[in-house]
Number of protein chains: 2
Amino acid sequence: MGRWEPDARDRLVRAALDLFDEQGYENTAVAQIAERAGLTKSTYFRHFRDKREVLFGGQDELVELLVAGIAGTPESAGPLAAVEGALVAIAVTFTEERRANGPRRLAVIAANDELRERDAMKMAGFSSVMQEALRRRGVPELDAAVAVELGVVALRVAYGRWLEAGGDFAEVARRALDEVRIVAAALEGAE
Amino acid sequence: MGRWEPDARDRLVRAALDLFDEQGYENTAVAQIAERAGLTKSTYFRHFRDKREVLFGGQDELVELLVAGIAGTPESAGPLAAVEGALVAIAVTFTEERRANGPRRLAVIAANDELRERDAMKMAGFSSVMQEALRRRGVPELDAAVAVELGVVALRVAYGRWLEAGGDFAEVARRALDEVRIVAAALEGAE
DNA sequence: TCAAGTGATGGGACTTGGTCTCATCAACCG
DNA sequence: CGGTTGATGAGACCAAGTCCCATCACTTGA
């Protein structure tokens with residue numbers, strides 16, 4: 001494993017975030033990101049499949065944790081409990097460093113359509129993986145879909161609150177999902 | 001309003017769908033679509049903002065209908081009822097012609113990441129517009145999010161069934177949403 | 001110590017998506 | 001019949017993304 005300057009990937013991520021922040025995503029060329037990281041365009045595309053992906057690293061790890069979180073919940077528990085297990089399982093990835101860069105990253109994504117597309121796609125990917133994991137436990141398709149979508153709503157809420165206030169993400173996520181449960185139950189009564 | 005061969009936009013849509021079907025989305029160049037439609041690349045990009053968009057026309061109309069459907073539901077009704085109003089409102093766009101091309105279009109989209117991204121983005125757009133419409137009626141943010149996501153699950157289910165069996169989309173959507181309601185209520189009991 | 005092998009990088013040609021500008025041409029209007 | 005308008009054609013141009021091959025740092029084995 002030959003190595004020159006290590007952490008090429010990290011350097012690319014940092015350079016990209018800085019440049020996007022300074023001059024906007026659209027005004028930044030991939031060659032420029034690579035240059036600031038002391039690399040070339042070729043090397044950039046060896047680390048990331050396209051210009052957007054530099055902002056969405058670590059997704060594979062999240063997917064694995066979500067699935068493991070569902071698989072690790074006792075079979076006797078309902079689908080919503082399994083989804084809660086998934087949300088708690090990804091808490092290990094919500095580090096302080098991630099929280100520090102979170103707002104900047106969110107601002108960059110929100111400002112650009114291409115990036116919002118990729119974001120929506122990632123979220124849809126999470127949904128789809130969790131639904132499959134639930135179906136493998138014998139949960140009917142519609143039940144799985146509803147449980148997962150409620151979980152995704154809770155995830156969004158929890159992420160926002162965690163970025164603002166910090167704390168243990170697992171705890172924040174559990175509380176958010178409880179609120180979603182209550183709201184979902186009340187919706188029925190309101191009809 | 002000068003006109004030569006009319007329906008340039010429709011011709012582009014048909015040419016694109018045919019070509020994507022025949023040789024795949026990635027193996028088709030925009031110039032080729034334009035050529036088959038008897039036009040040029042320049043004209044293509046005057047009708048669609050990018051290569052993907054040719055498969056996602058009519059979204060603005062859907063958004064308007066969704067919002068109108070929510071606004072047209074009595075204030076006394078709960079958020080889920082308003083979402084049902086939105087689903088019923090878009091039924092007018094589910095024509096026989098759309099049903100004929102639906103499976104082919106779905107197959108093309110499913111086979112390509114870029115297109116699935118655009119699809120996820122469109123869906124997220126629908127969610128966001130409906131949530132805003134609900135919040136304008138005074139529905140709390142979390143309630144709006146939950147109601148809308150349940151509605152989107154119902155919409156997906158209904159679309160699949162309508163493609164298979166046809167019939168009145170409004171009716172199919174209402175039934176799907178009822179099932180989602182039941183499932184959501186049962187999820188609570190299962191914990 | 002040195003030669004071969006390996007993995008990451010550099011470099012440049014090439015295709016295509018997408019933008020921009022200017023010329024053209026058909027219809028409409030007075 | 002001349003001017004205007006709106007849609008189109010033509011082509012230059014830039015950046016994203018792919019491919020192929022050369023190169024260099026480091027490792028391994030004799």
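For Ala154(B), the side-chain contact (heavy atoms from CB on, under 4.5 Å) partners at least two apart in sequence or on another chain are Leu87(B), Ala176(B), Leu177(B), Val180(B). Take Thr73(A) and apply the side-chain hydrogen bond (donor to acceptor under 3.5 Å, both in side chains) test, not counting sequence neighbours, and it matches no residue. For Glu117(B), the side-chain contact (heavy atoms from CB on, under 4.5 Å) test picks out Glu117(A), Arg118(A), Met121(A), with sequence neighbours left out. Every residue meeting the ring-ring contact (aromatic ring centres under 6.0 Å, His included) condition with Phe48(A), not counting sequence neighbours, appears here in chain and number order: Tyr44(A).
Within the structure, the salt bridge (Lys or Arg N to Asp or Glu O under 4.0 Å) test picks out the following pairs touching residues 100-110 of chain B (sequence neighbours left out): Asp18(B)-Arg104(B), Asp21(B)-Arg104(B). Among residue pairs with one or both ends in residues 129-147 of chain B, none qualify as side-chain hydrogen bond (donor to acceptor under 3.5 Å, both in side chains); sequence neighbours excluded. For residues 124-148 of chain A, there are no ring-ring contact (aromatic ring centres under 6.0 Å, His included) pairs, not counting sequence neighbours. Pairs passing the ring-ring contact (aromatic ring centres under 6.0 Å, His included) check and including a residue from residues 18-39 of chain B, sequence neighbours excluded, read Phe20(B)-Tyr25(B).
A cation-pi contact, defined as under 6.0 Å to the ring centre and within 45° of the axis, links Arg98(A) to Phe94(A).
Per the geometry, CG belonging to Asn112(A) stands 14 Å off C1' belonging to dA16(D), to the nearest Å. Rounded to whole Å, atom P of dT8(D) lies 11 Å from atom CG of Asp7(B).
Sorted by residue number, the list of members of residues 114-122 of chain A with any non-hydrogen atom under 4.0 Å from DNA chain D is empty. DNA chain D is contacted by Thr28(A), Ala29(A), Val30(A) of residues 19-39 of chain A, taking any non-hydrogen atom closer than 4.0 Å. A heavy atom closer than 4.0 Å to some atom of DNA chain C occurs in Phe45(B), Arg49(B), Asp50(B), Lys51(B), these being the qualifying members of residues 44-54 of chain B.
Closest approach to the Lys41(A) side chain among dG17(C), dG17(D), dT8(D) is made by dG17(D) (side chain taken as heavy atoms from C-beta onward).
By the 30° and 60° cut-offs, the orientation of the rings of Trp162(A) relative to Phe169(A) is perpendicular.
Counting any heavy atom pair closer than 4.0 Å across all strands shown, Ser42(A) reaches a base atom.
Contact annotation: Thr40(A) side-chain N/O to dG11(C) OP1/OP2 distance is not under 4.0 Å.
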Which pairs would a plain distance check flag for residues 59-71 of chain B, meaning a side-chain donor or acceptor within less than 3.5 Å of a matching protein atom at least two apart in sequence or in another chain?
from	atom 1	to	atom 2	distance (Å)
Gln59(B)	OE1	Lys122(B)	NZ	3.3

